[in-house]
Amino acid sequence: MQEQSTESAPENRPEKIERDTNYWLSLEHYAQDPEFLKLGSQEFASSPLKEGEENAIERRDFLKLMGASIALASTGCLRRPVQKVVPYNKQPEEVTLGVPNYYTSSYSDGVESLGLLIKTREGRPIKVEGNPEHPNNKGAVSISAQASILNLYDPDRLNGPRKNLWNEKRTNKDTVTPKWDAMDDEISAQLKKGSVVILSSSISSPSLRSIVSEFSQGFAAKHLVWDAHSNDQLIRARKMCFGAETLPVYQIDKAKLILSIDADFLATFLTPMAFSKQFSKGRREIEKMSRLVSFDSTFSLTGANADLRYRIKPSQQLDVVMAIFSELEKQHKVVVPAALKNTLDEYRNRISQLNMDGKIFAEIAKDLWENRGQSIVMAGGIATQTEFSEGLFCAVNCLNSILGNEGKTILERPAVASSSFADIKALITSMTAGKVKTLILHKVNPIYHLPESFGFAEALKKVDMVVSTADRIDETSQYANYIIPDNHPLEAWGDSESLEGVISLQQPSIRPLYDSRAFALSLMNWGFIAKMGPKRLLAYETYYDYLRNYWKEDVLPKVAKGQNFDDFWAQALQKGFVGSSRATAGKNSAKLEMLSHYKASESVGPELVLYPTVMMGDGSQTNISWLHELPDPVTKITWDNYASVSIAFAKKNSLSEGDVIELDVNGKKLELPTHIQPGLHDEVIAVAVGYGRTKVGRVANNVGRNSYSLVSDQGIFSGQKVTIKKTSRKEKLANPQGNQSMEGRQIVVEATVAEYQKKKSANIHRHHTWSIWPGQEYNGNKWGMSVDLNSCTGCNACVVSCQSENNIPVVGKKYVLEGREMAWIRIDRYYTGTPDNPEVVFQPVMCQQCSNAPCETVCPVLATVHTDDGLNAMVYNRCVGTRYCSNNCPYKVRRFNWFAWNKKIEAPLNMALNPEVTVRIRGVMEKCTFCVQRIKTVKNTARLENRKIKDGEIKTACQVVCPTDAIVFGDMNDPNSAVSALFKDERAYALLEEWHAAPSVRYLSKIRNNGEEKRHSNSEEHV
Amino acid sequence: MIKRKQLVLGNKTLVDITNDICEPVESIPKKGWITLFLGAKTLMIFYFGIIGYILANGIGLLGVNHPIAWGTMIVTFVFWIGIGHAGTLISAILFLFRQKWRTSVARTAEAMTVFAVMTAGLFPLLHTGRPWLDFWLFPYPNQRGPLWVNFRSPLLWDVFAVSTYATVSIVFWYIGMVPDFATLKDRAKNKIRKIVYGALSLGWRGTARNWSHYEMVYLLLAGLSTPLVLSVHTIVSFDFAVSNLPGWHTTIFPPYFVAGAIFSGFAMVITLMTCVRIGFPKFKDYITIDHMEVMNKIIMTTGLMVGYAYTSEFFIAWYSGNVYERYVFVNRALGTYGWCYWAMVSCNVLLPQIFWFKKARRSLTTMFIISIFVNIGMWFERFVITVTSLHHDFLPSSWGNYAWSFFDGCILFGSFGMFLTLFLGYLRVFPAISIAEIKTVMHVGKDGGHS
Amino acid sequence: MNSGIAGIFTDEHKVVEAARTVRQTFNSVEAISPYPLHGMEDALQIPRSCIPYVTFVGGLVGMFTGLFITIWTSAYDWPINVGGKPYVSLPAFIPIVFELTILFGALSSVVALAWFCRIPKLNPPIIDPDLSSHKFALFIPTSDKSFNAEQAENLLRQVGALEVKKVSEY
């Protein structure tokens, strides 16, 4: 119903009206007749637009025209948000049919908040891109943020509030749609009874935080913040060492040496987007490139990008740091207190058990000392949530402070330690004791995230009223009395602050699809009805007004004292954020003594490691097919989680790929298929979390297993002892990558810094190619792309972006197994070196747009031909589907529509389709075209303004989201373009050059800063 | 002077010959034939059912995938096209070489050719993603502005080669049958037969002048078909050889494919002829054991040629020093699909060697079994070429295996249903041996008979 | 059509001999046989068939058609960059040209055959149904310059015709 009105918008709304970006206002306006005037006056008050005659007229015709769809607009809500959206660019821009509009917004997972640009067409968001001006991510955008667009259009979302009809046992799952007013009355009445608890994940929105706290004041409610993956131990450790609860803000680009102990900072730890950007920045100049050393108990993305990677098991994390300490002491770099000396002696013996060459630590210690003040030691993430984690974090802090990194390469930002598992236990006990009358759940799913042994489900039944803001009936909200779906971030106003001082605005880019309501507004309403809570909470009718006022009173003074608020606001909306980073230098005052009481302890036998993946995170946003079909960056497996074990472990227990094994972690059992992962410690079983949702939707239900069930009651994720039992079953794991080694072919070229310094084009074997034909001429532009393999971290962001931009279908596990995946750009991951402890290289492969394209010659119907700007065009409606082109493509980048995938797109998901790209029918070939639609758009604007296309003006979908700027696109015929400079770079080489397909893509060789003279060359066999 | 073997046994008179050959056409079918025919027909109907289902749901039902975009359909296409070569070869090339023994087998061999080409012809049309648009492969003037086909694509060469071959071999076959239709018409008892065969005979009268033109045209067609039959499989081999895939991009393919085609074609002729001899005992006098022996010799020879091709491929792969090329061939013999390769080698190269022994050459059971194995081997040859080359190509990341499905099996076996139905029908409707021609060689090898 | 007198034979060699003798008196003699007879051509002095010339011309036409459609479509009517190949990729066009040559050659010769043999022909006259099986016939048309009914009859009997019959129309 709602969606109809948004759908019908383009047709029955004349352009003129479309221009009036305040049609949000008008819409509601009409729907709410009684409040017409009031709202009207408000609107003008809060309008950044100059109030003018024409504007008024527009609104009037607009109302006439909109009559039809208004009738469809839902009514009944006490007060609905009524706000104004301002496009990205300076002037409020005109919405013209067929021309996309970009709105700034932001996306936050609680820790990291990203500045976004939402691409909308005819008033519906179709793509999420990064805001290049935003200090947090500078245009980079995470996979989950990009995928959130599918979450918005998820057919399995609730279309309005729900009330659970209980039988006395509270098992009956019948739900009805309640009336807003009645519901609000009932809830606020219940709230008045007191003993209210709000359980939410950490809230990065300052305004919402203040609303919650004001609400809590009003109702004497308790606000518990709890994250499945929390950094509270990290925060507490910093309090212990430096006296204040803070989170570290790493300046990775300023560090020469980064030592990561299971901190997967390129994928999931703290703010990976910012870190990836800095990391690549710090390595761009090869002579001065930083070194990344990683001690990995999973095969993390960070480990995969490390110059030196050592495999450990979780219980050894602390040993590693202590080993470095003792080396520093041995090398008389630091004087350690006597107390610590004995402790270190203990650890000395443990080092021998790391079965690593002791010299490693000597070198690392030396290296660290030489780079003191410009190195970073970090540990974190759930892989480090072991029984030793406190010690680990303290040790890391101490190490950083004796190296003088604190305050130089490591700044800090205030952070609140979220509640620990102990607090949750406490809550559960009081719930069971019936001490909690009302429980409000916001963005939490304890029943999924907590092991059953916590008994949250039972406790929940003891609470008089449970209110959940989940957008679907999920594992937890199925037990709630009321589900009041929160708006999707793309539908709702909000703000967020991750970097201290930088506050991002989140503006809606579409009117709420369904009858949902912002969490904040719910709290305000209940306060209003109950007449409880401070004035500010009750004063405003909408969260939007509260937000504006909050910014007026709290934000403006902080960042832009004395500026006119309306200008400030409009500006903020346009830029998407205000302020600048105020991350501060920490005290750097850690006392080494404190380490002395973290005694070494023996640990034998296999240990469990739980780790989050870039796709699933903590599993809260998983009903998204893109994320499931996206290969894991390292294992490349899709649609599953699994127990990764080392080759030796598999041999010892006679396991083969796909064997289902039963893990037993102190009595908690879980069956998982085996994946044999090179480069794991031989006593590690690594399992990804975030899978195995049971009530999230049709896409993700029962995909993989829920490994949170293995978390110990003390909230220990990793380092638990685990025993395995092999079952007779076998499960196929869908891995789209066929072979894991390069078979000695020149595919990814690597060199060490040493080699590079000798010869910039080290290890690149150039071929003499010639042709009897002169080849075709390209007089205008000739598009080319360069991919810097030294920057690419293999994070997969480009893959999702491509999928979103080009309407690439998802095929599902069955068909991935049959080799029918459709991705236009894939990231090949190859292992090099010894199988037990290999190194990893990544290579994004998209259509190489060959000038002598083999695919074109063999197409009988000229369905794929060359354009005059050097693109390898694909004419879908001419394609008969002989698939000869795919056979003849040396890069195998062509994808075929084996079935009518397009028929599988279910409303409203079709709204996420990009109207600029054809949705392919069954039986035609498809492939990357360098985002020809983007090229055309820019070409047209350039032609209209009759000027040449500026270099870098065209950005392909993969390029625009790349957090490491590894991809550069441009005109090869323009000698001054960035891309032609890179083509001349000595590290540049063409893939399969000797085949003389003359590709328009160049790869820049990967350089490893591992101190080795020579690397085992992959191309020696090569002729 | 060497004594010639008799081509027709049992001192037949002209009348006998006419009666013998016309008998199957003029008599009521026996049980054996009927059961066979019904079986074949059922299989064919099932086959068309499956094809319909695939058309409705998508080619993805077969095992084709990335990187193996060509599978069973193309493999089986090449298989049948190959079989479709013996006929024209026998009737054209052997005719030019004045091999009189060809006369008694030519007709049936040609029929086999025509039906094999028909069976094969379906696959390239069906294997496309959108078969209903296959007509786009023909260069026809159209309303879509200048929009033509790509004459550089081997697939287009295929379109021309196969359609030309089909046309010419049908014409050749038909022209050969015209006088016999006249015979059947004249013998016809009932009206319908008279009309039907009368129409088919085009009112042929067999005057001396007609015969002289007729013989000339027959000679010309033979002369034209000879290069044609060689060109067809050459061009089919171009589908592979012209691409740049290691294992396909090979200059030896044309002769290799042609040899293979003759090889499999003759094997199929043997298979069918042994059955025909059982089905129609009278034919034993015309299709004598000597005929079979000669064909077995050819099978053995071509088998050796194919074997040579296999070995030289490996040598060249090594000699080229190209890593991709080398890998493909090592993988071919020792990789995932190694067993297919060895099945192929044993069926095509090793087994036929038994024909060094005269006893084996002249034993119907032996030759029947061998011929079956040869055909199995030849199917595997095409599978090995198509699939194993594709499944491990340039970038190891995109390697994969063929997702063989139930439908692949149906397509492969169903195609036999179609072929056999047509062939069995032919045995009952058309004179299976050229009546007119056999009479010209009836005296060969007989005393007083000129040769 | 014209009527005449036909003599039926059963022996392959006899009929050829007979044809030779009969030809000396009558020049438009026609022989009917179930299969081509050796020596019948020179017995009746039938000139060599001219169909090969037709075939040659047909072939040439085919070849030029091939050259035309390939070159004209891909270089003149719709020049388009295909895999960096030149517009006139002659080597790639050869197979097409070749196949068309054969096709035209073959079909033209078959058409020629039909033309010269006057086929297809609806219900052709039948002197004797066995002429398509095991009998042979010599036929002397009335249209022959030196036609003379009884002379013809006698002659046919002399050369060993088993039976001589008047044929109303052949």
Side-chain angles (χ1 to χ4, degrees), chain B residues 13-15 17-18 139 145-154 156-157 160-161 163-165 167-168 171-172 175 178-179 182-183 185-187 198-199 202-217 220-221 224-225 227-228 231 234-235 238 435-440 450, chain C residues 10 12 19 30-38 40-41 43-44 46-49 51-52 55 59 69-70 73-74 77-78 82-83 85 89 92-93 95-96 98-100 102-103 105-107 109-110 112-114 116-126 129-135 139:
Chain B
T13 65
L14 291 169
V15 192
I17 292 177
T18 319
L147 176 60
W148 296 103
V149 291
N150 180 9
F151 288 107
R152 300 171 191 82
S153 166
L156 208 78
W157 307 344
F160 278 76
S163 45
T164 307
Y165 184 54
T167 325
V168 172
V171 166
F172 195 26
I175 292 298
V178 165
T183 315
K185 173 200 66 181
D186 293 342
R187 292 166 56 92
L202 304 174
W204 176 260
R205 283 177 301 168
T207 64
R209 279 172 184 76
N210 289 5
W211 278 121
S212 86
H213 288 305
Y214 179 88
E215 282 191 292
M216 179 56 76
V217 168
L220 285 167
L221 286 180
L224 289 168
S225 309
L228 177 63
S231 81
T234 303
I235 286 172
F238 283 165
I435 306 170
E437 255 189 291
I438 200 79
K439 286 173 182 164
T440 61
H450 54 75
Chain C
T10 48
E12 176 181 346
E30 185 57 277
I32 299 106
S33 61
Y35 56 91
L37 293 177
H38 278 275
M40 187 55 94
E41 276 102 333
L44 296 179
I46 298 167
R48 187 173 180 281
S49 165
I51 293 178
T55 317
I69 60 165
T70 48
T73 56
S74 42
D77 191 38
W78 195 32
V82 178
K85 299 263 190 305
S89 319
F93 297 161
I96 307 282
F98 174 82
E99 295 300 331
L100 286 178
I102 300 279
L103 185 63
L107 293 183
S109 29
V110 172
L113 173 71
F116 287 116
C117 302
R118 306 274 180 284
I119 52 173
K121 187 182 200 313
L122 282 174
N123 44 31
I126 298 165
D130 291 342
L131 285 180
S132 62
S133 167
H134 52 273
K135 288 190 184 161
F139 172 75

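Every chain is numbered from 1 and lettered A, B, ... according to where its sequence line falls, protein lines coming before strand lines.
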pair L103(C)-F160(B): side-chain heavy atoms closer than 4.5 Å:
no

Where does W148(B) contact chain C at under 4.5 Å (heavy atoms): side chain, backbone, both or neither?
both

I46(C) versus chain B, heavy atoms under 4.5 Å apart: side chain, backbone, both or neither?
side chain

Part of T55(C) lying under 4.5 Å from any heavy atom of chain B
side chain

Among M216(B), R152(B), E215(B), residue most engaged with chain C (heavy-atom pairs, under 4.5 Å):
R152(B)

Please classify the contact between P227(B) and chain C as side chain, backbone, both or neither, with a heavy-atom cut-off of under 4.5 Å.
both

Below 4.5 Å from any heavy atom of chain B, which atoms of L131(C) appear? Answer side chain, backbone, both or neither.
neither

What distance do N210(B) atom CG and C117(C) atom SG have between them, rounded to the nearest 0.5 Å?
4.0 Å

What is the minimum heavy-atom distance between S132(C) and A182(B), and which atoms define it?
OG-O, 4.0 Å

Based on non-hydrogen pairs under 4.5 Å, which of R118(C), M40(C), R48(C) is most in contact with chain B?
R48(C)

Under a 3.5 Å distance rule, please check whether S231(B) uses its side chain to pair with a backbone N or O of L228(B) as donor and acceptor.
yes

Can you list the steps and then say if V168(B) with L224(B) is a side chain to side chain contact (heavy atoms under 4.5 Å, CB included)?
CA-CA 9 Å; V168(B) 172; L224(B) 289 168; 5.6 Å; no

Would you say the side-chain atoms of K185(B) pair up with the backbone N or O of G203(B), donor to acceptor, closer than 3.5 Å?
no

Check whether I17(B) gets within reach of chain C through its side chain, its backbone, both or neither, counting any heavy atom under 4.5 Å.
neither

With a 4.5 angstrom heavy-atom cut-off, could you sort out which part of L107(C) is near chain B: side chain, backbone, both or neither?
side chain

Would you confirm whether E41(C), through its side chain, and A208(B), through its main-chain N or O, come within 3.5 Å as a donor-acceptor pair?
no

Which one wins on heavy-atom pair count under 4.5 Å against chain C: D186(B), I175(B), T234(B), T18(B)?
D186(B)

Side chain W78(C), main chain T73(C), donor-acceptor under 3.5 Å:
no

Is it the side chain or the backbone of V15(B) that comes within 4.5 Å of chain C heavy atoms, both, or neither?
both

Quick check on the interface: out of L156(B), N150(B), V171(B), T183(B), who has the most heavy-atom pairs with chain C under 4.5 Å?
T183(B)

If the plane angle is over 60° it's perpendicular, under 30° parallel, otherwise tilted; pick one for W157(B) and F238(B).
perpendicular

Using heavy-atom distances under 4.5 Å, tell me whether T167(B) contacts chain C through its side chain, its backbone, both, or neither.
side chain

